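Report on one structure; see the data block that follows.
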Number of protein chains: 2
Amino acid sequence: MKNIRIKDIAVKAKVSAGTVDRVLHDRGNVSEKVKERILKIIEEMNYEPNLMARALGTKKEFHFVALIGDPRYDAYWLDPKAGIQKAAKEARQYGVKVTLLMFNPYDPGSFVKKAEEASKLNPEGILLAPMFYREVLPFFEAWKKQEIPFVLFNTQIAEFDPLSYIGQDSYQSGQVAGKLIHYGQPQGSSILIAHIDEEISNSAHLTKKEQGLRNYFIQNNLDHQYEIIKAELNLRNYAMFVEQLDSIFESNPQLQFCFVTTSKAFEIAKYFEQKFINHIRIVGYDLIPQNLHYLNKGAISFLINQNPLGQGYWGINQLVNHLVFKKEISAIKFLPLDIVTKENLNYYIEDSMLHNRF
Amino acid sequence: MKNIRIKDIAVKAKVSAGTVDRVLHDRGNVSEKVKERILKIIEEMNYEPNLMARALGTKKEFHFVALIGDPRYDAYWLDPKAGIQKAAKEARQYGVKVTLLMFNPYDPGSFVKKAEEASKLNPEGILLAPMFYREVLPFFEAWKKQEIPFVLFNTQIAEFDPLSYIGQDSYQSGQVAGKLIHYGQPQGSSILIAHIDEEISNSAHLTKKEQGLRNYFIQNNLDHQYEIIKAELNLRNYAMFVEQLDSIFESNPQLQFCFVTTSKAFEIAKYFEQKFINHIRIVGYDLIPQNLHYLNKGAISFLINQNPLGQGYWGINQLVNHLVFKKEISAIKFLPLDIVTKENLNYYIEDSMLHNRF
DNA sequence: TAAAAAAATGTGTGCGCACACAATGTGTTT
DNA sequence: AAACACATTGTGTGCGCACACATTTTTTTA
């Protein structure tokens, strides 16, 4: 009936609590015979440790490092940062300290510098957004050697199996976009895929989103009804950005949808606003303020929420669960592909993400 | 730096831990002067109790009752039940026991009987889905007198302020449906609102959903472009149900959308399947297996997820937080209005709702 | 003014666990 | 057989809190 404790097991096995403890933590110094007996009883009685007591008793300190983009360069990172801080605050009472290291998300060199710093701190665990594929690989090796477990979020990199990956299934999000476009124009239409402001060569997830969209139409035998145009755009030179768009929309007057694979959908919306274009519907990513502005105006139809707050929150949580509570954790944690529109927006912003959801 | 404990406060206030404890729990027997001094220090030092230790130390037992619909009559209730059980399992180690009482959701008498049973058990707290407005009111009064706090979910009833309400903003979900329909047919169309299988007089939320939808078009000055037809249907007599639908679709051949306010969207989809109708798009509620079947087939375009699992889970959680941890809890907890389609379905079903979300 | 009552404050214990340390037991060597 | 090493097992303490109980101080009463 009641929860079984170590002591209950000890009594049943006719040993002391210490011996049971040694078996539970596999710390040796237990005769094979007794060990097996205890193990059997643990199994039988379905023992589950009281995590409260465990956390209370241990005075061990944990030091984690979170390596993320700096919000000063890209406001997107405000949310992961907030999620991490929220989780860090909650974990503080278990002796967890989190050091935030933030790099310039447009500068691989900055990433390397911060990653080196992370290594030097020799933390018990690392949470990072491995934005730069080439640059991050040596660190994975190093951390493996240093035996520092790391959790990835935001960008999935399968190699060098991390402790866990938190994020979204980018491919599937492309499929969702496909569905939204298809539903919005069942008879077929013309679509612009816009990759804005990221090195596509270094960010596999953009390609995955594109593939997801394209395959949606192929799988549904709609590919001959939907024309897809692809563009890689850059905002470093805004005049050029506008010029490129001008050229695209002049030569493709039949365009009806724009699928923006990055968080820059608002730039397209702004462009449309300036050019008085209002017949092209936009589907994009990320609930950043600029996007929300145009979502509320109706210029952006849907945003797919990557729940960056949740990513940061769960990322730290995975480390805590693994290292502090010694729980088993899942290697991949896909967050939901929330379809956000003006009407349900309220439930996806702010820390309602932390209070109201799982 | 470190977390402050009661003892730290005691030292600073030059009293013993016991006195601080009395102040913290407002148990009296402390001189006004000392009380204020301690209170000030608590404020200053930003004391936050260690919930682990608190839970560990208390051997108090809590008994909660959950009063929900019986899944044998309506599979919808499987999810709330699962969520409740999940939360109950987690709370067991804090000495919480949850008794599930399940009533026939089509029979007010059954509800009354189970509610009486709940009263008799004299639990520390009650979680219930107050499906029958008239019948539930006397119980609210009784529980107020018995000083049993109760949490509502699924159906919102503002009167007799419950400890908390967990659920969805029904009106807003109607707005979401409006948006989906508008987006799917921007030039205007004809919509059937179907209330299936529930006493509309006794379920305010159906009306709210309808209002949400209607107001969407009014607010956006689209009401003259969109024609709305309303139907209250009943499945007790299936032949009659079909007949009613026949009559509706014959006299309204221009219908393009069907908005089902209950979880019975699949019945419409099934009807369409039999009649070889495939040009009318369906928006409904709830991820029950029958609905998912037609969602995957493409017959249902969107389902609005009410996250019933989460409702049950959070319902118990509110009671636990309030009574066990003595945390402050919010009076209303609106869960997100998830827009679910075939492509993002996977992330909204099963207990992924419990693992992957907040 | 001493005793009794009441108010205010202090002390000690257990919750379940982890871990350091103490205490056994077993076998080997001299 | 004593002395030793080593394997195995048992004991005790603290984590922060709640609460019962003990003690001290203040106030009231006779």
Side-chain angles (χ1 to χ4, degrees), chain A residues 1-39 41-42 45-62 91-96 323-327, chain B residues 1-39 41-42 45-62 91-96 323-327:
Chain A
M1 202 79 256
K2 288 212 64 181
N3 278 321
I4 30 226
R5 307 155 301 165
I6 286 182
K7 211 179 159 188
D8 300 322
I9 295 170
V11 169
K12 194 156 237 171
K14 295 198 221 307
V15 293
S16 73
T19 303
V20 176
D21 181 71
R22 271 180 289 266
V23 171
L24 278 170
H25 295 83
D26 209 10
R27 279 206 237 106
N29 288 327
V30 180
S31 71
E32 203 52 42
K33 202 177 61 186
V34 173
K35 183 176 172 180
E36 264 174 44
R37 176 153 44 102
I38 293 177
L39 240 23
I41 293 175
I42 288 174
M45 301 189 77
N46 209 336
Y47 168 76
E48 287 200 26
N50 182 326
L51 298 181
M52 307 295 108
R54 174 175 290 178
L56 191 60
T58 186
K59 69 207 85 191
K60 192 164 165 26
E61 302 257 313
F62 292 91
R92 223 171 48 93
Q93 64 184 304
Y94 311 124
V96 172
L323 294 168
V324 181
F325 294 128
K326 281 152 195 158
K327 279 192 200 170
Chain B
M1 202 78 252
K2 288 212 65 182
N3 278 321
I4 31 224
R5 307 155 300 166
I6 287 183
K7 211 179 161 190
D8 301 321
I9 296 169
V11 169
K12 194 156 235 169
K14 294 198 223 304
V15 292
S16 74
T19 304
V20 176
D21 181 69
R22 271 180 288 266
V23 171
L24 278 170
H25 294 82
D26 209 9
R27 278 205 237 105
N29 290 327
V30 180
S31 71
E32 202 53 41
K33 202 177 61 184
V34 173
K35 183 175 173 180
E36 264 175 43
R37 178 153 43 102
I38 292 176
L39 239 24
I41 292 174
I42 287 174
M45 301 189 75
N46 210 335
Y47 169 74
E48 287 199 26
N50 183 327
L51 298 182
M52 306 296 107
R54 175 175 290 178
L56 190 61
T58 187
K59 69 207 82 190
K60 192 162 165 27
E61 302 257 313
F62 292 92
R92 224 171 48 94
Q93 64 183 304
Y94 311 123
V96 172
L323 295 167
V324 182
F325 294 128
K326 281 152 194 159
K327 279 192 201 171

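Nothing here was measured: the structure is a model prediction, and the numbers come from that model.
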Checklist entry - Do any N or O atoms from the side chain of Arg37(B) and from the backbone of Ala13(B) form a donor-acceptor pair under 3.5 angstrom? => result yes
Next on the checklist: Any non-hydrogen side-chain atom of Lys7(B) less than 4.5 Å from a side-chain atom of Val20(B)?
Outcome noted: no
Next on the checklist: How many whole angstroms separate atom CZ of Arg22(B) from atom P of dA7(C)?
Outcome noted: 14 Å
Checklist entry - Closest approach of Met45(A) and Ile4(A), non-hydrogen atoms and distance? => result O-CD1, 2.6 Å
Checklist entry - Can you name the closest pair of heavy atoms from Asp8(B) and Asn3(B) and give their distance? => result OD2-O, 3.9 Å
Checklist entry - Closest approach of Ser16(B) and Ala10(B), non-hydrogen atoms and distance? => result C-CB, 3.7 Å
Checklist entry - With sugar-phosphate meaning primed atoms plus P, OP1 and OP2, does Leu56(B) contact a base, only sugar-phosphate, or nothing at under 4.0 Å between heavy atoms? => result base
Next on the checklist: Can you work out whether Val30(B) or Ala53(B) has the more 5'-proximal nearest nucleotide on DNA chain C?
Outcome noted: Val30(B)
Let me check something: any side-chain donor-acceptor pairs from residues 47-55 of chain A under 3.5 Å, sequence neighbours excluded? List them with distances.
from     : atom 1 : to        : atom 2 : distance (Å)
Asn50(A) : OD1    : Met52(A)  : N      : 2.9
Asn50(A) : OD1    : Ala53(A)  : N      : 3.2
Arg54(A) : NH1    : Phe325(A) : O      : 3.4

Checklist outcome for this item: Between Lys35(A) and Val30(A), the two heavy atoms sitting closest are N-CG1, 3.8 Å
Checklist outcome for this item: Separation between CD1 (Ile42(A)) and CD1 (Ile9(A)), nearest 0.5 Å, reads 4.5 Å
Item to check | Nearest-angstrom distance from the residue atom CG of Asn29(A) to P of dT26(C) | outcome: 16 Å
Checklist entry - 5' to 3' on DNA chain D, which nucleotides open and close the contacts with chain A (atom under 4.0 Å from a heavy atom)? => result dT8(D) to dG16(D)
Checklist entry - Quick one, which residues of residues 13-21 of chain B touch DNA chain D with a heavy atom under 4.0 Å? => result Asp21(B)
